[in-house]
Structures are given as structure tokens and as C-alpha cells.
Peer 1: 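Have a look at this one before I ask anything.
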Amino acid sequence: MHRDEREDDRSFLKNIPDDFPLSVEPYMEIGRRCSIDGDDIIARLKKMMEEGTIRRIAAVLYHRNVSYTHNAMVVWRVEKEDIEKTGNIMASFPEVSHCYERDTGDYWEYNLYTMIHGKSRDDCLDIVRRISDETGKRDFKIFFSKREFKKTSIRVVNE
Amino acid sequence: MDDIDRKILNMIQEGFPVDRRPFRIIGEMVGLNEEMVLNRIKALKEKGVIRRIGPILERKRLGYESVLCGLHVEEDKIVEIAKAINRHSGVTHNYERDGELNLWFTITAKTKKEIDTFLADVERRFSIRIYRFPEKRMFKIKTYFPV
């Protein structure tokens, strides 16, 4: 994408709150706050969704309050030639929210990273077992979360 | 939370209507009027079920760099170090985890240089080593909790 378009998208997004006002016409209200026509805001957001700059406009939940109390980052060692197939299988699990191939960070040999969510520790372990069985990957490490210090979203902020 | 709340939550996690009257559209799908939907969503937010409703951005398209970092810190230092890391506005996730690397966070900024400078500063201040695990390929990013 062109540099200027990016800059333009970023400056537009500065007007769009992270958390929409809960009123009958939220887009109109956002428009009033920044003096942009509400219908123009709707059109622009739709365009940015089509272009992929906005992945979705959606509700984000507090997962702990909807009984997904446990999450774990699981790192897997996968041979290069198996990455594509394995990554796609892991991504197909609904309990997996994130799946990335990553650099090993000069630290270890784990190169595929998944975030899994479950309703208990055992639930998470069971999901890991099923992923391991389905992919045939046996070398992995589980990092359960203990404490949340920060959880926000990527935002465009005023610099 | 009843079945209608669940239906609404599952629906708006997939997508919130981009329309002048989004709550009317949701209402049509669950058989409620606009005001009833709005009141239910307000209540779900007050109860701490909904964190926010808004855009989920694709950082790469906006030209941002990001990296996952992991480090080992002593238990008695973890709060202090986590706070120092959180001071950067581009830190979106920061968790204490069980394991050899017990603090994991992601940081986003306009340039790699800004990230490197910040991480080097934290490393120096606390005499710690932060391991970087930059993304090579994305297979999935979609957080959806069926309720």
C-alpha cells in the first residue's frame, strides 16, 4: 500500500473510538464528535474492511467472564517442510485463537506458536493433546498464563 | 445471561453491523426491537462480559511493526518490570506465564528501531535479557469465544 494512503488511514482512525458509544446510532454519534458526516464514516469503515486494514468491527469479550478462564501459549518444534500443513491444521481448531510461525529468537528451536483457550487447565491440556495427535507433533512446551498485566488492542494514537 | 444474550454475543463477536442503525439489524436477527437489544448489550458491558465493541485493526496494513518477546525474571521483580514494559503505549499484551520464560509481551510501533531502542533500554535498566520472537508467517488470528 502507498505510504500516503497509510497515513490517511491512520489519521482517519484517530477519530474512531476503540469502544463505540452505545447509542441508537453509534456511527452518527462518532461523526458528530469529530465533525465528519456519519454516513461518510460508515462508507469509509466499509472500504477499509474490504481492503483488509480493518479485520472486523466486532465485540471483544472479557474471556474470563464467559468461563474461558484458562489460556496457554504452546510452542511447537516443526520441521520446515511441515510448517504449512501443520500451521493450517492448528489454525483449524476453534480453541486456537492465534497461530504463527515465528523466528526462534536464538533461544530454542520452537518455531510454531499457538494461543489456546479453555474452561480449565485440564481442558487446555486436552486441546493440546488433540492438536498433538492430529499433527503428529510431539515436541512442544506449554506456558499457562498466571497473571494479566496488560491486554489491549492495537490502536492508532495521537503522536 | 440467557439464550438471547448468548445469540447476540456470538453474533457480534463475528461482526457488529456497519450501518446507521446497527442495533435494529441485530434485533431483526434475534427477534427483539432495537431498544431491547441496546439495553441487553449495555447490561452485558456493565457486567463485564463485553470488553469493547469497535474496529479490530490489521497492523501490517497500517505500517506498524510488532514483535513477541519473552524473558525470565525473578518473582520479586516481576511487577516492577511488567510495569516498566507496560509504560510503552504499543505494548498490547503482557502476561506472567508458568515456565522458564515467565513474562511474555507483544510490542507494536511504527519502526523496528523504536522497538529495539525501547527493549534495549529495559534490558539495561534491569540487567535482563529479552528474547525476541518476530513473526514469520500468520496462520490464524481470530479470537472467538462461543458462549
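Letters A, B, ... are given to chains in the order of the sequence lines, protein chains preceding strands, and every chain is numbered from 1.
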Peer 1: Report which part of L38(B) has an atom under 4.5 Å of a heavy atom belonging to chain A: side chain, backbone, both, or neither.
Peer 2: side chain
Peer 1: Of the backbone (N, CA, C, O) and the side chain (C-beta and beyond), which part of I85(B) lies under 4.5 Å from a heavy atom of chain A, both, or neither?
Peer 2: neither
Peer 1: With a 4.5 angstrom heavy-atom cut-off, which part of E14(B) approaches chain A: side chain, backbone, both or neither?
Peer 2: backbone
Peer 1: Counting only non-hydrogen atoms closer than 4.5 Å, does K45(B) touch chain A with its backbone (N, CA, C, O), its side chain (CB onward), both, or neither?
Peer 2: side chain
Peer 1: Sort out for me which of G15(B), P17(B), P55(B), S66(B) touches chain A most, counting heavy-atom pairs under 4.5 Å.
Peer 2: P55(B)
Peer 1: Testing the 3.5 Å rule here: is there a donor-acceptor pair between the side chains of N71(A) and S145(A)?
Peer 2: yes
Peer 1: Under 4.5 Å from any heavy atom of chain B, what part of I54(A) do you find: side chain, backbone, both or neither?
Peer 2: both
Peer 1: Give the C-alpha distance, both sets of side-chain angles, the deciding distance and a yes or no for salt bridge (charged side-chain N to carboxylate O under 4.0 Å, His left out) between R6(A) and D9(A).
Peer 2: CA-CA 5 Å; R6(A) 269 187 198 159; D9(A) 279 346; over 6 Å; no
Peer 1: Name the member of L112(A), N88(A), I16(A) that forms the most heavy-atom pairs with chain B at distances under 4.5 Å.
Peer 2: N88(A)
Peer 1: What option among H98(A), M28(A), E25(A), K151(A) has the most heavy-atom pairs under 4.5 Å with chain B?
Peer 2: K151(A)
Peer 1: Identify which part of R21(B) has an atom lying under 4.5 Å from any heavy atom of chain A, answering side chain, backbone, both or neither.
Peer 2: both
Peer 1: Tell me which of these, V147(B), D19(B), I41(B), has more heavy-atom pairs under 4.5 Å with chain A than the rest.
Peer 2: D19(B)
Peer 1: Which bit of E135(B) comes within less than 4.5 Å of chain A, counting heavy atoms only: side chain, backbone, both or neither?
Peer 2: both
Peer 1: Could you look at F144(A) and say if it's the side chain, the backbone, both or neither that has a heavy atom under 4.5 Å from chain B?
Peer 2: both
Peer 1: Do you know which of V91(B), T108(B), D98(B), L101(B) has the most heavy-atom pairs under 4.5 Å to chain A?
Peer 2: D98(B)
Peer 1: Is I83(A) close to chain B through its backbone or its side chain, or both, or neither, when contacts mean heavy atoms under 4.5 Å?
Peer 2: both
Peer 1: Which residue out of C69(B), G90(B), A82(B) racks up the most heavy-atom pairs below 4.5 Å with chain A?
Peer 2: A82(B)
Peer 1: Which is it for Y27(A) and F20(A) under the ring-ring contact (aromatic ring centres under 6.0 Å, His included) test, yes or no, and what are the steps along the way?
Peer 2: CA-CA 8 Å; Y27(A) 300 100; F20(A) 288 175; 5.4 Å; yes
Peer 1: Please walk me through it: do R44(A) and D8(A) pass salt bridge (charged side-chain N to carboxylate O under 4.0 Å, His left out)?
Peer 2: CA-CA 11 Å; R44(A) 179 74 182 262; D8(A) 203 38; 3.5 Å; yes
Peer 1: Out of F139(B), F16(B), Y131(B), W104(B), which one racks up the most heavy-atom pairs below 4.5 Å with chain A?
Peer 2: F139(B)
Peer 1: Counting only heavy atoms closer than 4.5 Å, note whether Y113(A) contacts chain B via side chain, backbone, both or neither.
Peer 2: side chain
Peer 1: Measure F143(A) against the heavy atoms of chain B and call it side chain, backbone, both or neither at under 4.5 Å.
Peer 2: both
Peer 1: Is E84(A) in contact with chain B via its backbone, its side chain, both, or neither, using a 4.5 Å heavy-atom distance?
Peer 2: both
Peer 1: Side chain from CB out, backbone as N, CA, C, O: work out which of these in A43(A) comes under 4.5 Å of a heavy atom of chain B, or both, or neither.
Peer 2: neither
Peer 1: Could you tell me the separation between the CG atom of D5(B) and the CZ atom of R40(B), rounded to the nearest 0.5 Å?
Peer 2: 4.5 Å
Peer 1: Flag yes if M115(A) and V74(A) sit in one hydrophobic cluster, no otherwise; membership is Ile, Leu, Val, Met, Phe, Trp, Tyr, and two members link when side-chain heavy atoms are under 4.5 Å apart.
Peer 2: no
Peer 1: Does R87(B) make a cation-pi contact with F118(B) (under 6.0 Å, within 45 degrees of the axis)?
Peer 2: no
Peer 1: So for V49(B), is it side chain, backbone, both, or neither that comes closer than 4.5 Å to the heavy atoms of chain A?
Peer 2: both
Peer 1: Below 4.5 Å, heavy-atom pairs only: which of D39(A), T114(A), L45(A) has the largest tally toward chain B?
Peer 2: D39(A)
Peer 1: Take E79(A) and K137(A) through the salt bridge (charged side-chain N to carboxylate O under 4.0 Å, His left out) test and state the conclusion after the steps.
Peer 2: CA-CA 10 Å; E79(A) 302 71 22; K137(A) 300 303 166 201; 2.9 Å; yes
Peer 1: Show, in sequence, the C-alpha distance, side-chain angles and deciding distance for R130(A) and D126(A), and conclude whether the salt bridge (charged side-chain N to carboxylate O under 4.0 Å, His left out) test is met.
Peer 2: CA-CA 6 Å; R130(A) 284 191 284 121; D126(A) 180 61; 3.5 Å; yes
Peer 1: What's the verdict on side chain to side chain donor-acceptor pair (under 3.5 Å) for T92(B) and T152(A), showing C-alpha distance, side-chain angles and the deciding distance?
Peer 2: CA-CA 5 Å; T92(B) 54; T152(A) 62; 5.3 Å; no
Peer 1: If we define contacts as heavy-atom pairs under 4.5 Å, which of M11(B), E100(B), R129(B) has the most with chain A?
Peer 2: E100(B)
Peer 1: Do you know which of P17(A), A59(A), G105(A), P26(A) has the most heavy-atom pairs with chain B at a distance under 4.5 angstrom?
Peer 2: A59(A)
Peer 1: So which atom in S97(A) and which in H117(A) form the shortest heavy-atom distance, rounded to 0.1 Å?
Peer 2: OG-NE2, 2.9 Å
Peer 1: Is S23(A) close to chain B through its backbone or its side chain, or both, or neither, when contacts mean heavy atoms under 4.5 Å?
Peer 2: backbone
Peer 1: Are W76(A) and F140(A) an aromatic pair by the rule of ring centers under 6.0 Å?
Peer 2: yes
Peer 1: When heavy-atom pairs shorter than 4.5 Å are enumerated against chain B, which of V96(A), I41(A), D106(A) gives the highest number?
Peer 2: V96(A)
Peer 1: Which heavy atom of E134(A) sits nearest a heavy atom of F93(A), and at what distance?
Peer 2: OE1-CZ, 3.8 Å
Peer 1: Can you confirm if the NZ or CZ of K119(A) lies within 45° of the ring axis of Y68(A) and under 6.0 Å from the centre of its six-membered ring?
Peer 2: yes
Peer 1: Just by distance, do the side chain of R59(B) and the backbone of Y64(B) share a donor-acceptor pair under 3.5 Å?
Peer 2: yes
Peer 1: Apply side chain to side chain contact (heavy atoms under 4.5 Å, CB included) to Q13(B) and V60(A), showing your working.
Peer 2: CA-CA 6 Å; Q13(B) 281 188 88; V60(A) 179; over 6 Å; no
Peer 1: Taking every heavy-atom pair that is under 4.5 Å apart, which of K46(A), M90(A), M73(A), K141(A) has the most such pairs with chain B?
Peer 2: M73(A)
